[in-house]
There are 2 protein chains.
Amino acid sequence: MNVQFKKGVLTLCVLVLTLKKDRYGYELVNKISEQFLIAEGTIYPLLRRLTKDGYFTTYLLESQEGPPRKYYQLTESGKTYIEVLIKEWELFSTGVNRLIEEGTKSDEG
Amino acid sequence: MNVQFKKGVLTLCVLVLTLKKDRYGYELVNKISEQFLIAEGTIYPLLRRLTKDGYFTTYLLESQEGPPRKYYQLTESGKTYIEVLIKEWELFSTGVNRLIEEGTKSDEG
DNA sequence: AACAAGTACTAAACATTGCAAGGTACCTAT
DNA sequence: ATAGGTACCTTGCAATGTTTAGTACTTGTT
């Protein structure tokens, strides 16, 4: 998968997956990778960034399957940011699709 | 518009707009900016890159409205690359939309 | 007990690419 | 001549995903 496509959109994906329940990093890597592969080295710096920017708070929980998991919980600011990002994504992807249509369909203006 | 969303996707937009007819840089800036704003400083380096990579050949044509225009014409390699990029874009954007749905709809797995 | 494999997190160096800012130059109209 | 629109180019910067390497915990196997 084209690496560059993911730039910025990963932020949206990570945030949106924590809307309904708190998640930990490793879980997010696997969840997102069901749709398109991402590396662990991408997620952890991103999570740190989003936490530093006030979109997440974190807490540790022990696990029976390995070392403790660091859970990420959305803040109000994070929820607001998601809405902005989703709207921007819709505008953007619609724009791209329009250009593709314009470029591949019979007539153009 | 989120800058990061554009990473990589601009390549697709530029290529696809030259499928049906050759275009010049300034024209591409305006055409793409109808959907989402992009800067001239983005397009010209991108066009040089794509030409260097063998996706475009170029030629100059005089204009009555200003200095000569450098037209970009797709090569066979460029046409092949577009098909790949469009497929990747479809897979990617579908994946993102699925994650958004999964994150915003009632139940999830 | 030793080892491998899966889980889980972290860090540093790197590559790619879009933007801002600045510049050159042509043409038309005032 | 001066301004504004057209058209191109370059440099330095910022943002972010990948690669690679490493730490450490748990469970199952030999």
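Letters A, B, ... mirror the listed sequences (proteins, then strands); counts begin at 1.
- Between the side chain of A/Lys20 and the main chain of B/Glu102, a donor-acceptor pair closer than 3.5 Å is present.
- Take A/Arg98 and apply the side chain to side chain donor-acceptor pair (under 3.5 Å) test, not counting sequence neighbours, and it matches B/Gln35.
- B/Leu37 places its CG atom 14 Å from the C1' atom of C/dA20, with the value rounded to the nearest Å.
- Classification of the A/Tyr71-A/Tyr59 ring pair by plane angle, with boundaries at 30° and 60°, yields parallel.
- Relative orientation of the B/Phe92 and A/Trp89 rings is perpendicular, given thresholds of 30° and 60° on the angle between their planes.
- Within 3.5 Å, no donor on the side chain of B/Lys7 pairs with an acceptor on the base of D/dT16, nor the reverse.
- To the nearest angstrom, P of C/dG6 lies 13 Å from CG of A/Asn30.
- Counting heavy atoms from C-beta on, the side chains of A/Phe56 and A/Leu74 come closer than 4.5 Å.
- If you check residues 40-50 of chain B against DNA chain D, the residues with a heavy atom closer than 4.0 Å are B/Glu40, B/Gly41, B/Tyr44, B/Pro45, B/Arg48, listed by number.
- The interatomic distance linking B/Leu12 (CG) with C/dT17 (C1') rounds to 15 Å, in whole Å.
- Against DNA chain C, the stretch residues 61-72 of chain B makes heavy-atom approaches under 4.0 Å through B/Gln64, B/Gly66, B/Pro67.
- Note that the CZ atom of A/Phe36 and the SG atom of A/Cys13 stand 4.0 Å from one another [nearest 0.5 Å].
- When the side chains of ILVMFWY residues are joined at heavy-atom separations under 4.5 Å, either directly or via intervening members, B/Val84 and A/Leu37 end up in two distinct hydrophobic clusters.
- Here A/Leu46 contributes atom CG and A/Leu15 contributes atom CG; the two are 7.5 Å apart, rounded to the nearest 0.5 Å.
- For D/dC8, the OP1/OP2 oxygens have no side-chain nitrogen or oxygen of B/Tyr26 closer than 4.0 Å.
- Distance B/Leu28 CG to D/dT6 P: 15 Å, rounded to the nearest Å.
- Between B/Phe5 atom CZ and D/dG17 atom C1' the separation is 15 Å, expressed in whole Å.
- C/dG18 atom C1' lies 12 Å from atom CZ of B/Phe36, rounded to whole Å.
- Atom CD in A/Glu27 sits about 16 Å away from atom C1' in C/dG6, given to the nearest Å.
- Here A/Ala39 lies in heavy-atom contact (under 4.0 Å) with a base.
- For the pair A/Ile38 and B/Gly25, nearest-nucleotide mapping onto DNA chain D gives the more 5' position to B/Gly25.
- In this structure, A/Thr51 and A/Tyr72 have side chains that are in contact, with non-hydrogen atoms separated by less than 4.5 Å.
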